[in-house]
Number of protein chains: 2
Amino acid sequence: MSSTLGLSWDQHHLGQEVQMGSVARRSFASENVVNRDHALPNPSWNKDLRLLFDQFMRKCEAGSWKRLPSNNHSPQSFQDFQTRFVDPKLPKEQISQARLFTRSFEDGLGFEYVMFCNDAEKRVVCFFQAGPYLQGAPGFTHGGAIATMIDATTGMCAFRAGGVVMTANLNINYKRPIPLCSVVVMKSQIDKVEGRKVFVSCNVRSVDEETLYSEATSLFIKLDPNKKLA
Amino acid sequence: MSSTLGLSWDQHHLGQEVQMGSVARRSFASENVVNRDHALPNPSWNKDLRLLFDQFMRKCEAGSWKRLPSNNHSPQSFQDFQTRFVDPKLPKEQISQARLFTRSFEDGLGFEYVMFCNDAEKRVVCFFQAGPYLQGAPGFTHGGAIATMIDATTGMCAFRAGGVVMTANLNINYKRPIPLCSVVVMKSQIDKVEGRKVFVSCNVRSVDEETLYSEATSLFIKLDPNKKLA
């Protein structure tokens, strides 16, 4: 699934509040993450992530970039999602526990990240700190965790340019392993849009941008408001 | 990073016990997951996962298949990993909290899975139940969580055939979204081995195998015992 969909979790969760009654209220009561903006510094952010955050917040003041809160809402996509949500076969008790994958860890243990977009240039930058629970090889970040953040970043890039989208293809070249607990800079941009297809590329580099960790391309499909997801 | 490396986490963690002294002991004390075999049924497994598990355990008795415990050890890979582990720059306090990404959630909330291998046919099958913390779009499994399990399954397939490997490429076509909290069948096989390159393919289907959710190819590189990971 496109992480664009996932990244709008808070918004849809609120939609569930309306739709799902007690189940959603249990969920609401059991998680204080629903209305929280996760894309702001917390005590687990290391020096690199804070410096990058401050640097881009200054760019935001200059007007070319915009920080993307995790609970960023879009009326259009909200409506689109609502038309797709809820498979009646899903076990309600478990669904009431649902959390967006990239925000399902306690602060600092999993995915710590903030995204900034430059809509004029059709670019999204993500600063990602890989927590200790994302380990693959000893001391290094799991390839699946890297794939997850690439999907999230390119998905947001496609969403900014094309509205509600779903991941159709994700192609990642892993050049070098990413040390666990380090921060990486993920830069994505729209390569082209053909009808409902949105082509996005992304590279993952070290904070000093001298080390290229991964390169990826993603293909997203704009969702048809008249069709359900599955 | 190859999830093959990741999947051997327990083994390497024990290696750290030897190497890292107090840090490793803290880690050991803080996690009872170190020696636990996660690839066995727990109360969170649904009926589908239990049925598939029982079905393949019977195949294991017949001799053609083998269940792969999460703490599966391999003397050769153990030594290879030890020669690569620990970047001195890593923050020890955080590294002491490190957990294998695919086993970092409480039972039932994240990745619940068991893998079986058929070495004669160079195949690995993974039965995966996507917990509620792996959500992407409301009611569906995050594309990054699917990519993670594809990396894990194809990585194990490559490991069984080629020893210690690292993911070089992961190319995933997402055909249909996977309902959250459902179980999928992931089948991987070695396509070819060229020198240090191991080519693996994988498909993800519904339990009745009638729905094709995803198709993927992975390229893994056998690690050179004389070189470090980074």
Side-chain angles (χ1 to χ4, degrees), chain A residues 1-3 5-6 9 12-13 15-16 81 84-87 89-91 94-95 97-102 104-105 108-110 131-149 151-152 155 166-174 176-181 229-230, chain B residues 1-3 5-6 9 12-13 15-16 81 84-87 89-91 94-95 97-102 104-105 108-110 131-149 151-152 155 166-174 176-181 229-230:
Chain A
M1 291 303 308
S2 162
S3 48
L5 306 184
W9 157 249
H12 310 310
H13 192 90
Q16 295 165 49
F81 284 120
R84 285 161 178 72
F85 187 50
V86 180
D87 180 345
K89 294 190 301 293
L90 293 175
Q94 284 168 291
I95 292 302
Q97 296 178 286
R99 289 191 190 180
L100 171 61
F101 182 39
T102 56
S104 61
F105 292 90
L109 295 178
Y133 280 22
L134 306 185
Q135 180 164 256
F140 296 98
T141 307
H142 196 290
I146 298 162
T148 297
M149 287 310 301
D151 183 34
M166 203 172 94
T167 315
N169 176 265
L170 190 58
N171 190 346
I172 303 170
N173 286 316
Y174 295 92
R176 286 173 151 278
I178 298 175
L180 200 62
C181 303
L229 282 178
Chain B
M1 291 303 308
S2 163
S3 47
L5 307 183
W9 157 249
H12 312 310
H13 192 92
Q16 296 165 46
F81 284 121
R84 288 164 176 70
F85 187 50
V86 178
D87 179 345
K89 295 190 302 293
L90 293 177
Q94 284 168 292
I95 292 302
Q97 296 178 286
R99 288 191 189 181
L100 170 61
F101 183 38
T102 57
S104 61
F105 291 90
L109 295 179
Y133 280 23
L134 306 185
Q135 181 165 258
F140 296 99
T141 307
H142 196 291
I146 298 163
T148 298
M149 287 310 302
D151 184 35
M166 203 173 92
T167 315
N169 175 265
L170 190 59
N171 190 346
I172 303 170
N173 286 317
Y174 295 93
R176 288 173 148 278
I178 297 175
L180 200 63
C181 303
L229 282 177

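Quick note: numbers below take in every heavy atom, side chains included, and nothing from hydrogens, waters or symmetry partners. Keep in mind that what you see is a predicted model, and the values were worked out from it rather than measured. Numbered from 1 within each chain, the chains take letters A, B, ... in sequence-line order.
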Min side-chain heavy-atom separation A:R99-B:L109 under 4.5 Å:
no
If you define the side chain from C-beta out and look only at heavy atoms, does anything of A:F105 sit under 4.5 Å from B:F105?
yes
dist B:Q97:CD -> A:Y133:OH (nearest 0.5 Å) comes out at 6.0 Å
Over all heavy atoms of both residues, which pair between B:A98 and A:L180 is shortest? Give the atoms and the distance, please.
CB-CD2, 3.9 Å
For the atom pair CG (A:L134) and OG1 (B:T102), what is the distance rounded to the nearest 0.5 Å?
11.0 Å
Return the option, out of B:P132, B:G108, B:A145, B:C181, with the maximum number of heavy-atom pairs under 4.5 Å with chain A.
B:P132
In Å, rounded to the nearest 0.5 Å, how long is the span from OG1 of B:T167 to CG of A:N173?
11.5 Å
B:N169 side chain vs A:I172 backbone, donor-acceptor pair below 3.5 Å:
yes
Taken to the nearest 0.5 Å, the spacing of B:I146 CD1 from A:F101 CZ works out to 10.0 Å
